[in-house]
Amino acid sequence: MKAVNILNTSIHNLSKLELLEKLNRSGGVVVTPNVDHLMKLRKDPELRVAYQKADFRVCDSKIIQYASIFLGQPIREKISGSDFFPAFYEYNKHNPEIKIFLLGAREGIAKQAKEKINQKVGREIIVGYYSPSIGFEKNEEECQKILELIRKSGATVVAVGLGAPKQEKWITKYREQLKTIKIFLAIGATIDFEAGYKPRSPKWMSEVGLEWFYRLICEPKRLWKRYLLEGIPFFALIIKQKFMAKPIIPSLSFTSPRKKFSNFK
């Protein structure tokens, strides 16, 4: 796959349709880097390992897409988790091999998302869900409970909406214990959006790169630091990448072997 280097992170230059086709052929783990993720990658070795092991890294940010154009390596399409997930279940609405387990969101929210998605699709494409407790990732007993729920559900896909970097790290840690799961999707706040618990930004704001601003207005106490403090240095780093030959952080290899899966119909 063709890839674009943004701050030493390899982002696959795919269209949404190409990603859907590749997932149905061979499965894999999808992560969706945005500005926040790229800044976290610079100081979180465990998250870098999760990114190295992901099969697909696709652009979840219009800002990153603009940066790629500035760097002379244009990314073809923004594929955010909240756009890709509904495209994924609609694409597979008549594919009986696709059965999805939702992991994330507050108590009751994932259940609402399950009911709404199944109603839209016209079948039980969401076969299970679980809303974990705060700090559950440090509780091995609860994590093993989740794994057993996923196994018993008959799911072939797990959509993990825990936020970064928790969701990427959880997938990396437990994917090998879920042999029947063909596809892992890291989808952030998408379960909240699907349930109608949180509003998405207007489409025009997303298309011009202002979705972050809409989310900041909706949740200022939670997001002001991410967007106004931690995200600002991104632009200076992009300028350095454009005009400096030396890498900004130690180069990361993103050539880990793909885990092969049997084709979906």
Side-chain angles (χ1 to χ4, degrees), residues 1-85 88 160 163-173 175-176 182-188 209 212 230-231 233-261:
M1 291 182 289
K2 293 182 179 179
V4 173
N5 185 331
I6 307 288
L7 303 187
N8 281 359
T9 296
S10 174
I11 299 176
H12 294 123
N13 204 353
L14 298 170
S15 70
K16 189 185 298 179
L17 179 58
E18 286 172 333
L19 179 57
L20 288 167
E21 291 173 345
K22 287 178 181 293
L23 279 174
N24 273 32
R25 282 199 301 270
S26 58
V29 174
V30 180
V31 297
T32 56
N34 56 29
V35 171
D36 178 55
H37 295 194
L38 293 187
M39 298 307 291
K40 283 182 167 65
L41 281 164
R42 292 172 51 77
K43 54 188 177 182
D44 189 334
E46 190 178 351
L47 180 59
R48 291 204 294 271
V49 170
Y51 260 63
Q52 287 173 339
K53 292 185 176 182
D55 301 293
F56 301 98
R57 296 171 295 278
V58 293
C59 176
D60 182 16
S61 167
K62 201 71 178 178
I63 302 300
I64 290 179
Q65 189 178 31
Y66 290 149
S68 74
I69 295 169
F70 175 70
L71 293 170
Q73 307 174 68
I75 291 173
R76 295 159 57 193
E77 188 174 350
K78 177 176 81 72
I79 309 176
S80 64
S82 49
D83 289 326
F84 182 73
F85 185 60
F88 176 80
V160 186
K166 188 182 298 185
Q167 60 194 12
E168 291 82 6
K169 293 178 180 180
W170 194 90
I171 291 170
T172 301
K173 183 175 181 180
R175 67 181 292 192
E176 295 300 327
K182 314 302 182 185
I183 297 171
F184 293 84
L185 305 175
I187 59 172
W212 67 270
E230 297 173 353
F234 170 81
F235 300 100
L237 292 167
I238 290 295
I239 292 171
K240 287 182 181 180
Q241 179 175 338
K242 175 76 172 179
F243 297 109
M244 294 177 64
K246 294 182 179 181
I248 298 168
I249 60 174
S251 181
L252 300 177
S253 170
F254 287 92
T255 56
S256 59
R258 289 280 308 276
K259 182 178 179 181
K260 299 298 182 182
F261 302 110

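No donor-acceptor distance shorter than 3.5 angstrom exists from the side chain of E77 to the backbone of L17, with no hydrogens or angles considered. In this structure, the side chain of R57 does not engage the main chain of P33 through any donor-acceptor pair within 3.5 Å.
Rounding to the nearest 0.5 Å places CZ of R42 at 9.0 Å from CG of N8. Note that CG of L38 and OH of Y51 are 6.5 Å apart. Values are rounded to the nearest 0.5 Å. M244 contributes atom CE, which lies 11.0 Å from atom CD of Q241 (distance to the nearest 0.5 angstrom). Rounded to the nearest 0.5 Å, atoms OH (Y66) and CG (L71) are 15.0 Å apart.
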Q) Can you check salt bridge (charged side-chain N to carboxylate O under 4.0 Å, His left out) on K16 and D83, steps first, answer last? A) CA-CA 9 Å; K16 189 185 298 179; D83 289 326; 5.6 Å; no

Q: Determine, stepwise, if the pair L19 / H12 fulfils side chain to side chain contact (heavy atoms under 4.5 Å, CB included).
A: CA-CA 10 Å; L19 179 57; H12 294 123; over 6 Å; no

Q. Run the side chain to side chain contact (heavy atoms under 4.5 Å, CB included) check on N13 and Q73 step by step: do they pass?
A. CA-CA 9 Å; N13 204 353; Q73 307 174 68; over 6 Å; no

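With contacts defined as side-chain heavy-atom distances shorter than 4.5 Å, the pair L185/T32 does not qualify. Inter-residue side-chain proximity for N34 and W212 is flagged as unmet; no heavy-atom pair is nearer than 4.5 Å. Proximity of F84 to V58: side-chain heavy atoms (C-beta onward) are nowhere separated by under 4.5 Å. The side-chain heavy atoms of F88 and N24, taken from C-beta on, include a pair separated by under 4.5 Å. Contact check for I79 versus F56: no side-chain heavy atoms found under the 4.5 Å cut-off. M1 places a side-chain heavy atom less than 4.5 Å from the side chain of L14. Here the side chains of D55 and K22 are not in contact, with every heavy-atom distance at 4.5 Å or above.
Counting non-hydrogen atoms of neighbouring residues, nucleotides and ligands closer than 6.0 angstrom, the CD atom of E46 reaches no more than 12 such neighbours.
Between E18 and R76 there is a salt bridge, since a side-chain N of the basic residue sits under 4.0 Å from a carboxylate O of the acidic one. We find that D44 and K169 are joined by a salt bridge, their nearest charged nitrogen and carboxylate oxygen being less than 4.0 Å apart.
Judged as a ring pair (Phe, Tyr, Trp, His ring centres under 6.0 Å), and not counting sequence neighbours, the contacts of F85 are Y89. With sequence neighbours left out, K62 forms a salt bridge (Lys or Arg N to Asp or Glu O under 4.0 Å) with no residue at all.
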